[in-house]
Participant: 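The structure's right below; bear with me while I get my questions together.
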Amino acid sequence: MGLPNDGARQIVTRMAKQRKAAVPLIISISGLTVEEFVGCYREVEHYSDGIELNISTPNTEGVRVFQESHMLSKLLISLSSIRAAAKPLWVKMPPYFVEEDRENVLELVDVCVKNSVDAFTAINTKRVKEYRSASGFGGLSGPLINEDMLRIVSDIYRQTGGKVSINACGGISSGLDAWRAMEVGASSVQLYTGLVYEGPGVAAKINRELLGLMKTSKVSSLAEVRGTGLR
Ligand SMILES: Cc1cc2nc3c(=O)[nH]c(=O)nc-3n(C[C@H](O)[C@H](O)[C@H](O)COP(=O)(O)O)c2cc1C
C-alpha cells in the first residue's frame, strides 16, 4: 500500500473483514516523507496484525530517501510513540550488489535493531535497465534474484546474530526454495512471481514439499533448519 487513499482504504477494510480469524493480515505501507508514513501507519494499524515499512520499492524513487540511515532512524523514532507494542513491525530491504551498498544496508539493519524492529523482508526487486518501459527501468524478480536473496538473507542473519526474524522473498516457488532460504536464516518466506506463474495453489504445494523435506531430513520443526547453511 502506498499513500492512503480511498481505493487503498477500501481494499484494506474489505480484506480485514473477509479474512478468516486464523489468517494474519500484514499490511505493507510506504511514503515519501516521515509524515506520510506516520499518517499511513495510523490509518491501517487498527486493521492489521503487523505492518511492513517498505523503503525499497524500486519504482518510487522518493522512497529511497529512507535508505539513508539518519532518515530511517528519524522515521522509526517518529513511529515509536504511536506503535502498538503488540503489533510486529517489518522493514522491507532493497537488494545490493556492491560492497558500498552492502555496508549501507547492514547499517540500516543496525538502525532497525536499535529501534526495536521485529523483522526484515529481504529482498525487493533488482532495478535493471528496460528500454520497453516508459521509465527506462524495470524490476527483476523470480529465480534470477534467488541467489542474491540467499546471500543477503545470510548477511542479515549474521548481522543480527539470528535474533531478528527474516522474511525471505526472491525466487521462491517450491518447498526446496523455502528450505534453502531457511538454511541461510529465513524464518518465513514470501512470494510474488511464483504466485503469478503457478497460482494460489503454490502455497499449499510449498507446505507439502516442506513437510516431505522435514521427514527425509528427520527434522521436527523448521526452526531447526534456520541458519544451518549460512553463505
Ligand atoms: C508485478 C510485481 C509488482 C511488484 N510490486 C511491488 C510493490 O509495489 N512494492 C514492493 O515493495 N515490491 C513489489 N514487488 C516486489 C515483490 O514484492 C518481491 O519483493 C520481489 O518480486 C521478489 O519476490 P519474487 O521473486 O517472489 O517475485 C513487485 C513484484 C512484481 C513481480
Side-chain angles (χ1 to χ4, degrees), residues 1-5 7-9 11-12 15 25-32 36-37 40-41 44 48 50-67 72 75 89-97 101 105 108-109 112 117 119-130 132-135 137-156 165-182 184-207 209-210:
M1 179 177 179
L3 310 180
N5 57 36
R9 253 181 229 118
I11 291 170
V12 166
M15 281 180 81
L25 178 62
I26 316 297
I27 299 179
S28 188
I29 63 170
S30 199
L32 303 181
E36 282 182 355
F37 257 113
C40 205
Y41 186 96
V44 301
S48 75
I51 292 186
E52 177 187 84
L53 306 178
N54 185 1
I55 60 164
S56 58
T57 171
N59 305 323
T60 315
E61 208 163 313
V63 162
R64 289 202 285 274
V65 69
F66 293 104
Q67 291 174 24
L72 182 60
L75 171 62
L89 190 70
W90 277 253
V91 173
K92 185 167 182 182
M93 306 308 271
Y96 49 78
F97 306 95
D101 293 344
V105 169
L108 298 179
V109 167
C112 290
V117 164
F120 297 97
T121 296
I123 54 179
N124 214 313
T125 44
K126 178 181 182 179
R127 195 170 148 87
V128 288
K129 279 192 179 152
E130 173 53 71
R132 287 168 295 186
S133 125
S135 66
F137 288 94
L140 207 58
S141 68
L144 291 174
I145 62 165
N146 184 251
E147 280 298 317
D148 297 311
M149 178 277 283
L150 294 173
R151 169 176 57 82
I152 292 166
V153 168
S154 193
D155 277 353
I156 297 176
S165 299
I166 307 172
N167 181 35
C169 179
I172 292 171
S173 65
S174 71
L176 189 57
D177 294 332
W179 183 271
R180 287 192 177 134
M182 288 178 189
V184 296
S187 33
S188 61
V189 295
Q190 180 181 324
L191 58 151
Y192 192 139
T193 306
L195 199 63
V196 173
Y197 281 96
E198 297 193 35
V202 68
K205 184 199 80 173
I206 290 175
N207 282 339
E209 289 175 354
L210 275 175

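Throughout, numbering of the chain's residues begins at 1 and tracks the sequence. First listed ligand is number 1; within each ligand, the first listed atom is number 1. Below, each value reflects all heavy atoms present in this structure, side chains not excepted, and no hydrogens, waters or symmetry copies.
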Participant: Distance from Thr57 atom OG1 to Arg127 atom CZ, nearest 0.5 Å?
Facilitator: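 Here the rounded value is 10.0 Å.
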
Participant: Using the test side chain to side chain contact (heavy atoms under 4.5 Å, CB included), find all partners of Cys112 that sit at least two apart in sequence or belong to another chain.
Facilitator: Leu72, Leu76, Val91, Val117, Phe120

Participant: Look at the side chain of Glu130 and the backbone N and O of Gly138, then say whether any donor-acceptor pair between them is shorter than 3.5 Å.
Facilitator: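 No; judged by distance alone, with no hydrogens or angles, the pair does not exist.
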
Participant: Using a distance-only test with no angle check, is there a side-chain donor-acceptor pair under 3.5 angstrom linking Thr193 and Ser141?
Facilitator: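 Judged by distance alone, the side chains do pair up.
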
Participant: Can you tell me how far CG of Leu144 sits from OG1 of Thr125, rounded to the nearest 0.5 angstrom?
Facilitator: 12.5 Å

Participant: At their closest point, which heavy atom of Pro94 faces which heavy atom of Ser56, and how far apart are they?
Facilitator: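 Where Pro94 meets Ser56 most closely, the heavy atoms are N-CB, 3.4 Å.
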
Participant: Around ligand 1, what residues show up once you keep those with a heavy atom under 4.0 Å from it?
Facilitator: Asn54, Thr57, Lys92, Ile123, Asn124, Thr125, Ser141, Gly142, Ile145, Cys169, Gly170, Gly171, Leu191, Tyr192, Thr193

